[in-house]
Amino acid sequence: ISTNDFKVGVNIEVSSAPWKVVEFMHVKPGKGSAFVRSKIKNYITKSTQEMTFRAGEKLQTADVEKRKMQYTYMDGDQYVFMDMETYEETRINDDDFSKFLLEGQTCDVLSWNGKVIGVDLPLTVDLEVTMTDPGIKGNTASGGDKPATVETGAVVTVPLFIQIGEKIKVDTTTGKYLSRVKEEK
């Protein structure tokens, strides 16, 4: 893949390890040639690194295989996922994906060279607010934020009008509140 074709989420191979492009920016300085400043995350070590590539530089794409699997239960500190076609179980150690993971949720389990390297959650998840400060009458018009704990245990910053028991839509990549979820009647 050319660095000109970078997108967030593209998998590349650097130093014979799989990396995911987290963010990137094309830079065209007044003097000299253009380059791509990027932030990439190593799937295996989970470390994030800033790297600069020449514009148009060719990189090897990491052959990361995605398989749809359903999260079934937790065993000790491992998350157990089941392949919905073969009913095979895959155990994955905790990583930053778990804060928005619900039992029965379907995700993409990523593997590289036959080794499981991570989990890709859906872009958004609907979660119930289990703990937050009550909204006080009159403070909703001015706007503002407060922390709220959702059913997975993650803490999300929400607007003041959100109450305990409401379902909210959360962006799994940024961990930000997107909207209320309307209940179907």
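Just so we're clear, the structure is a prediction, and the values are computed from it rather than from any experiment.
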Would a distance-only check, ignoring hydrogens and angles, find a side-chain to backbone donor-acceptor pair under 3.5 Å from T106 to Q70?
no

Using the side chain to side chain donor-acceptor pair (under 3.5 Å) rule, collect all pairs that involve residues 47-66, keeping only residues at least two apart or in two chains.
T45-S47

Should we count NZ of K7 as having more than 12 external heavy atoms under 6.0 Å?
no

Nearest heavy-atom pair of F24 and V8: which atoms, and what distance?
CE2-N, 3.7 Å

Which value, rounded to the nearest 0.5 Å, describes the distance between L110 atom CG and D120 atom CG?
4.5 Å

Kindly assign one of parallel, tilted or perpendicular to the pair F6 and F53, based on the angle between their ring planes and the thresholds 30° and 60°.
perpendicular

Test your reading of the model: is there a side-chain donor-acceptor pair from T152 to the backbone of K99, 3.5 Å cut-off?
yes

May I ask you to list the residues sharing a hydrophobic cluster with V27, side-chain cutoff 4.5 Å, ordered by chain and number?
M25, F35

Going from CZ on R67 to SG on C107, what distance comes out if it is rounded to the nearest 0.5 angstrom?
14.0 Å

Closer than 3.5 angstrom, by distance alone: can the side chain of K146 be matched with the main-chain N or O of L160 as a donor-acceptor pair?
yes

Within 6.0 angstrom of K176 NZ, more than 12 heavy atoms from elsewhere
no

Keeping the roles fixed (side chain from W19, backbone from V14), state whether a donor-acceptor pair exists under 3.5 Å.
yes

Hey, are the side chains of V155 and P147 touching, using non-hydrogen atoms and a 4.5 Å cut-off?
yes

